[in-house]
Protein chains: 2
Amino acid sequence: MTKEKLENTEIEILNAAKEIFQQKGMDGARMQEIADKAKINKALLHYYYRSKQLLFEAVFKSAFSLLAPQLNKVLNDDSDLFEKITKFTDSYITFVIKHPYLPNFVIQELNKNPDFVMKLRSQENFPTIDKFKQQVTDAIKEGIIKPIEAEQLFINIIALNLFPFLGEPLLMALLNVDKKSYTQLLQDRKAHVADFIINAIKI
Amino acid sequence: MTKEKLENTEIEILNAAKEIFQQKGMDGARMQEIADKAKINKALLHYYYRSKQLLFEAVFKSAFSLLAPQLNKVLNDDSDLFEKITKFTDSYITFVIKHPYLPNFVIQELNKNPDFVMKLRSQENFPTIDKFKQQVTDAIKEGIIKPIEAEQLFINIIALNLFPFLGEPLLMALLNVDKKSYTQLLQDRKAHVADFIINAIKI
DNA sequence: ATATTTGTTAACCAAATGGTTAAACCATAT
DNA sequence: ATATGGTTTAACCATTTGGTTAACAAATAT
């Protein structure tokens, strides 16, 4: 079928582009390599996506729309503060195992092109901190946690969860462990990080 | 003087290369741009550094040799555990203000080329975790801090301090703050992060 | 003084790269 | 069967890019 073939090709290109862009970044990626991975002629890339820049943006938006729900688990989930910290910490590692290059890719390309953020803000479902802020304020008022800025707490949660993946090669070298031990270390963090955070803030 | 001129040019090239490579990465950097910034002819880059790869490696090693002492403040400083956490947290932000692109650059290029780590390990002064590990073990034995793996604690300290810079554009967007407010937030972290860590581990 | 080594440049080169074109292919509607 | 529309390809193109060359300039050694 024409329609099916079309969608297949278009999706095949996007998938190939995701792999290449996420591993090599905008600058390191080659259109020919994406075409090879998608097993199509290079001209087809332009037929469907016009230019490298537009293909890249499609990949980036798609990547961010996978990351956003993860962040929303902290920012806009209904569960109790401690519970959501535990849940996020536990589920995030699963997410990264499924998309190993994604968080690094998003952060890296955002750093290289900070104005890019604008294009995301307008997007549906862009995470906001308001609800989380209210939740932290309430928890403080109720005497459940020590006074802390919601922004700082949020940064801490994200930092403790994302950084071990962003800094993997550096940390592996500093800790002098191989890939297998490091993976074990990351698994141990599931139990460790939530405790660490909760200990830091609970009264 | 020849000697002076030579060293001047060579250093001028390295400085220009640092700026360009650290901002644009290996793939995004252009030899011509580096030459322009150093105000010399492009051929001189090759005269002094042979190839883009070698020039890049010189920049990378130089960058890492600036970062290493920072990490050693956590790993190999003689001061008391709580004190060194406070000192590191406080001094790290000053370091990053002086070298804004450096940590991101090191982590990014290490991710893109993990075998690169080998070239660093052999380097003089490469940080190791042994001393810190002993210190944590002792502090636990003395009942000063709760049981915790030294590796996890180290990752946490580095994560909480590095991530706000690595993820700056992302965090600015999520927190919906401008550059000025974000800088203020980072300043506030000087007081906040050490407390956060110490609260999490002290008995 | 002059030969020699070192530093610097303009011009050049081959390969790679993003992008285009024109023709072929192929499913479907008439 | 055939005209029509979107889909796919091989060949091509202009530009960019890392790197080289040969000649010139400047310093140092003899």
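Residue numbers start from 1 in every chain, and the chains themselves are labelled A, B, ... in the order their sequence lines are given, proteins ahead of strands. On a predicted model such as this, the values are computed, not experimentally measured, just so you know.
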With the side chain of A:N41 defined as its heavy atoms from C-beta on, choose the nearest nucleotide among D:dT9, C:dT9, D:dG19.
-> D:dT9
Which nucleotide in the set D:dT8, C:dT20, D:dT21 lies at the smallest distance from any side-chain heavy atom of A:A43?
-> C:dT20
Is the closest basic N to carboxylate O distance between A:E151 and A:K133 below 4.0 Å?
-> yes
Whole-Å distance, B:D27 CG to C:dG18 P, equals 11 Å
Taking atom P of C:dT17 as reference, at what distance in whole Å does atom CZ of A:R30 sit?
-> 5 Å
Nearest whole angstrom, please: distance from the C1' of C:dA10 to the CD of B:Q32.
-> 12 Å
Would you sort out whether A:I93 and A:R189 count as a side chain to side chain contact (heavy atoms under 4.5 Å, CB included), showing the intermediate values?
-> CA-CA 9 Å; A:I93 193 173; A:R189 281 183 83 76; over 6 Å; no
Take atom CD1 of A:I13 and atom C1' of D:dT8, then tell me their distance rounded to the nearest Å.
-> 10 Å
d(CG, B:L54; C1', D:dG18) in whole Å | 13 Å
Taking NZ from B:K52 and P from C:dA16, how many angstroms apart are they, rounded to a whole number?
-> 15 Å
side-chain N/O B:T9 vs C:dT8 OP1/OP2, d < 4.0 Å | yes
Ignoring hydrogens and angles, does a donor from either the side chain of B:K42 or the base of D:dG19 sit under 3.5 Å from an acceptor on the other?
-> yes
Using 4.0 Å as the upper bound for N to carboxylate O, is an ion pair formed by A:E12 and A:K37?
-> no
After noting the C-alpha distance and the side-chain angles of A:F105 and A:Y101, does the key distance pass the ring-ring contact (aromatic ring centres under 6.0 Å, His included) rule?
-> CA-CA 6 Å; A:F105 169 70; A:Y101 297 99; 9.7 Å; no
Listed nucleotide nearest any side-chain atom of B:Y47, set C:dT8, D:dT8, C:dT9 | C:dT8
Check every atom of D:dG18, D:dT9, D:dT8 against the side chain of A:Y48 and return the nucleotide holding the closest atom.
-> D:dT8
Base, sugar-phosphate alone, or nothing: which one does B:L45 contact when heavy atoms must sit under 4.0 Å apart?
-> nothing
Among the candidates C:dG19, C:dT9, D:dG18, find the nucleotide nearest to the side-chain atoms of B:M31.
-> D:dG18
With heavy atoms under 4.0 Å as the rule, sort B:A35 into base, sugar-phosphate or nothing.
-> nothing
How close or far is atom C1' of C:dG19 from atom CD1 of A:I40, stated in whole angstroms?
-> 14 Å
Rounded distance (Å) that lies between atom C1' of C:dT17 and atom CE of A:M26 | 12 Å
A:Q152 and A:N156 side chains, donor-acceptor separation under 3.5 Å | no
